[in-house]
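Here the structure comes first, spelled out in structure tokens, and everything after it is commentary.
Quick note: numbers below take in every heavy atom, side chains included, and nothing from hydrogens, waters or symmetry partners. Protein chains get the first letters and strands the later ones, always in sequence-line order, with residue 1 at the start of each.
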Amino acid sequence: MTVRTRIAPSPTGDPHVGTGYMGLVNMVLARQHGGQFLLRIDDTDRTRYRAGSEQAVFDALRWLGLEWDEGPDKGGPCGPYRQSERTAIYLEHALMLVKSGHAYRCFCTSDELAARRAEALAEKRDFRGYDGRCRALDPEDAERRAGEPHVIRFKCPTDEGKTVIQDLLRGPIETPNAELDDKVLLKSDGFPTYHLASVVDDHLFRISHIIRAEEWIPSGPLHQLLFEAYGWDVPVFCHMPLIRNADKSKISKRKNPTSLLYYRDAGYLPQALLNFLGLLGWGGPKTADGGNQEIFSVDDMLQHFKLETLSLGGPVFDLAKLRHVNAHYLRELQPQAFAQQVRDYLVGDPAYLEALVPLVSPRMETLGQFLHVADFFFSDVDHVHPDDRKLKPGSVKRLVEGLVPAGVEPEDAWFTLSQLSGALERLDAWTAAELEQALRGPGAVALSDWKPRDLFMALRVAISGRKETPGLFECLEVLGKSRVLGRLADAMRVLPAPGKKRLKKLEKARDARIAGAATEASDA
RNA sequence: GGCCCCGUCGUCUAGUGGUUAGGACACAGCCCUUUCAAGGCUGCGACGCGGGUUCGAGUCCCGUCGGGGUCACCA
């Protein structure tokens, strides 16, 4: 059997470090066995689709050096590799299951379902997932109504038994069938859900090992059942531990930079990031003194990596360690290569340099002043007050001026910055005019109850570390989304996050502001 | 809450019945040094808890506690 693995990112946002992690492991396993590593784009949710996101995935993976053998941009024998281009295949396969009695048409609407769930909740009845109502429909009636809007659901076993999947790392994982419910396979818009599309594609692409994150374990039984309903061989399942924040929760952009592009733009070397990712769950080749060789290349991994020996505890994404690994690779570079890296990093993108000229040139009298005016376009920002930067890690430090407005609690500033970050994250448009419109517009009311000048100063300081900069919105545009979001996250890390209670209160106040803005709008 | 996954220093990990429980990051001290880094040396620091099994348990079993994930016409 040829080993064929895949990653299947969704183009819904920035390429994620988790995608890089899964990509590394999947690629290494495929290469170790002389097999193929494929890239599939899971874009079946057109409501969350983000233009440009797919290209960003390509860029990020290629930057890391994770090259795929088959994929949307390079084709292959099993194409197309973009799920939105395969809808006819999914429809056909969904119908196959209806015909064989493994699936059925369901005419319940989302609203009806929500109402029934609420009703069940009120009566303290158990109603999770779907109650199976449309199972009772006469198949012939259902066929006659096929023109009406409906979904196709999978018929899960209802007996007292268990469905068990074999996990490469965890052994058998049993789930009582009572826990299963009839999941949607084909949505009313004609697109498949992840479950249908991925099972069908994994089969059609002859994927031998499904290596994916632990969060997929609960849908393992459904996928297993689907493979079986089709009479297909079930691939090897392997659920990798989830990368965690410092507090052990699933890694999130609120608490960590999660975009691969952030690491590229922040000046990390791809081989360093790959090395660091390889450390998670594995640790590197064993050394004679009983330790691990922690600095290793992908070639080293190809030689020594053993998927079966992975450590299952969710590893914390430790930026300090990443920095250490990166520092190692940086120092290893020959002066010429190092200089080239610096050149690429600073001026490798002429468009970036040229874009900031209009912002800085009016503020300069000699070229020697360039870095005084433009430093933050090229350099990380430290949000701690300069006098306190040498203080011990645990000690309370003063922050750079302007990040927290006078009279505002640091926890509340954290919250405002998080709102700001969320709002910017959701923006597709990123020109100065659009940014200004978004941040001054009615939607911005929800961000905080601060005076605009305080809000904009906090944002300015967060992205630049200074109180005086070229125009804020122009700076945001030129810096670009990933740098801005990264710096906002950096700023939030030096601020204390509010506790649960405080957070609830802040959210309530925000919701009140939103509601207030809405009524004001309707009055006018 | 139901179901499921996981549990060695603060963090990443080594360890598969007998080890002074090893290495790395971080942290502290010392050395080197005009400064700051880097580098070298030293130190701090862990088997969540309780029962078994065994001559012997971090390693096996049970329980418990803790953490996490998941419960959508999102992936």
Of the nucleotides C5(B), U70(B), C73(B), which one has an atom closest to the side chain of Ile217(A)? C5(B)
Which base sits across from U35(B) as a Watson-Crick or G-U pair, both distances under 3.5 Å? none
Between the base of A24(B) and the side chain of Lys321(A), is there any donor-acceptor pair under 3.5 Å? yes
With heavy atoms under 4.0 Å as the rule, sort Thr47(A) into base, sugar-phosphate or nothing. nothing
Atom pair distance, as rounded to whole Å: CG in Leu277(A) and P in U13(B): 12 Å
Just by distance, no angles: are the side chains of Gln340(A) and Arg343(A) close enough, under 3.5 Å, to form a donor-acceptor pair? yes
As a test of reading the structure: which of U70(B), A75(B), C73(B) is closest to the side chain of Thr109(A), going by heavy atoms? C73(B)
Given C12(B), is OP1 or OP2 found less than 4.0 Å from the side-chain N or O atoms of Lys248(A)? yes
Between Glu85(A) and Arg82(A), is there a salt bridge with N-O shorter than 4.0 Å? yes
Given the C1' atoms of G45(B) and G23(B), what is the spacing between them in whole Å? 14 Å
Short side-chain N/O contact to C74(B) OP1/OP2 from Ser10(A), under 4.0 Å: no
Is it true that the side chains of Asp14(A) and Thr258(A) contain a donor and an acceptor less than 3.5 Å apart? no
Given C6(B), C4(B), A14(B), identify the nucleotide with an atom nearest to the side chain of Ile173(A). C4(B)
Using atom P of each nucleotide, how far apart are G63(B) and C4(B) to the nearest Å? 12 Å
Classify the nucleic acid contact of Gly281(A) as base, sugar-phosphate or nothing, counting any heavy atom under 4.0 Å across all strands shown. sugar-phosphate
Would you mind reading off the distance between Arg244(A) atom CZ and G10(B) atom C1', rounded to a whole angstrom? 16 Å
Remember a base hit wins even if backbone is also touched, and classify Leu280(A) as base, sugar-phosphate or nothing at under 4.0 Å, heavy atoms. sugar-phosphate
Watson-Crick or G-U wobble partner of C3(B), both distances under 3.5 Å: G69(B)
Could you tell me whether Glu148(A) and Arg145(A) have a side-chain N and a carboxylate O separated by less than 4.0 Å? yes
Quick one: do Lys321(A) and Glu294(A) make a salt bridge, cutoff under 4.0 Å? yes
Base, sugar-phosphate alone, or nothing: which one does Val151(A) contact when heavy atoms must sit under 4.0 Å apart? base
Distance, C1' atom - from U20(B) to A28(B), rounded to whole angstrom: 23 Å
From C-beta outward on Thr193(A), which listed nucleotide comes closest to its side chain: U70(B), C74(B), C6(B)? C74(B)
Between A24(B) and A46(B), how far is it from one C1' atom to the other, in whole Å? 15 Å
When the P atoms of C65(B) and G51(B) are compared, how many Å lie between them, rounded to an integer? 16 Å
Write down the partner of G18(B) under the Watson-Crick or G-U wobble criteria, each distance required to be under 3.5 Å. C55(B)
Rounded to whole angstrom units, what separation is found between the CG atom of Leu185(A) and the P atom of A75(B)? 12 Å
Which one, U11(B), C74(B), G22(B), comes nearest to the side chain of Lys187(A)? C74(B)
For G63(B), which nucleotide is its Watson-Crick or G-U wobble mate, given both distances must be under 3.5 Å? C49(B)
Assuming nearest nucleotide by heavy-atom distance, tell me which of Leu310(A) and Glu179(A) is located more 5' along RNA chain B. Glu179(A)
Got a donor-acceptor pair under 3.5 Å from the side chain of Glu294(A) to the base of G23(B)? yes
Glu112(A) CD to A72(B) P: how many Å, rounded? 17 Å
Which whole number of Å gives the distance between the C1' atom of G52(B) and that of G43(B)? 39 Å
Please give the distance between the C1' atoms of G18(B) and G2(B) as a whole number of Å. 43 Å
Does Arg323(A) reach a base, just sugar-phosphate, or nothing at all? Heavy atoms under 4.0 Å. nothing
Determine the contact category for Pro221(A): base if any of its heavy atoms lies under 4.0 Å from a base atom, sugar-phosphate if only primed atoms, P, OP1 or OP2 are that close, otherwise nothing. nothing
Between CD of Glu214(A) and P of G7(B) the distance, given in whole Å, is 10 Å
Base-pairing assignment for C27(B) (Watson-Crick or G-U wobble, both under 3.5 Å): G43(B)
Using a heavy-atom cut-off of under 4.0 Å over every strand shown, decide if Asp45(A) touches base, sugar-phosphate, or nothing. sugar-phosphate
Nearest whole angstrom, please: distance from the C1' of G7(B) to the CZ of Arg170(A). 13 Å
Testing the 3.5 Å rule here: is there a donor-acceptor pair between the side chains of Asp59(A) and Gln55(A)? yes
If you pin Asp181(A) and Thr175(A) to their nearest nucleotides in RNA chain B, which one's is more 5'? Thr175(A)
Which is true for Ser110(A) with a 4.0 Å heavy-atom rule: it touches a base, it touches only sugar-phosphate, or it touches nothing? base
Rounded to the Å, how far apart are Lys183(A) NZ and C71(B) P? 7 Å
Could you tell me whether the side chain of Ser188(A) has a donor or acceptor atom within less than 3.5 Å of a complementary atom in the base of C73(B)? yes
What is the base-pairing partner of A75(B), counting Watson-Crick and G-U wobble geometry with both distances under 3.5 Å? none
Taking Asp73(A) first and then Arg62(A), would you say they form a salt bridge - that is, a charged N and a carboxylate O separated by under 4.0 Å? yes
What nucleic acid atoms does Pro9(A) come within less than 4.0 Å of, heavy atoms only: base, sugar-phosphate, or nothing? nothing
Could you work out the separation of C55(B) and U16(B) based on their P atoms and round it to a whole Å? 22 Å
Looking across every strand, which nucleic acid part, if any, lies under 4.0 Å from Glu174(A) by heavy atom: base, sugar-phosphate, or nothing? sugar-phosphate
Among U13(B), G69(B), C25(B), which is the nearest nucleotide to the side chain of Lys250(A)? G69(B)
Selection from C73(B), U13(B), U11(B) that lies nearest to any side-chain heavy atom of Leu113(A): C73(B)
Distance alone, cut at 3.5 Å: any donor-acceptor contact between the side chains of Ser297(A) and Asp299(A)? no
Salt bridge present between Asp490(A) and Arg487(A) (N-O < 4.0 angstrom): no
Whole angstroms only, please: what is the NZ-P distance between Lys286(A) and U16(B)? 11 Å
So what does Trp282(A) touch, heavy atoms closer than 4.0 Å: a base, only the sugar-phosphate, or nothing? sugar-phosphate
Among side-chain atoms of Ser379(A) and Asp375(A), is any donor-acceptor pair under 3.5 angstrom? no
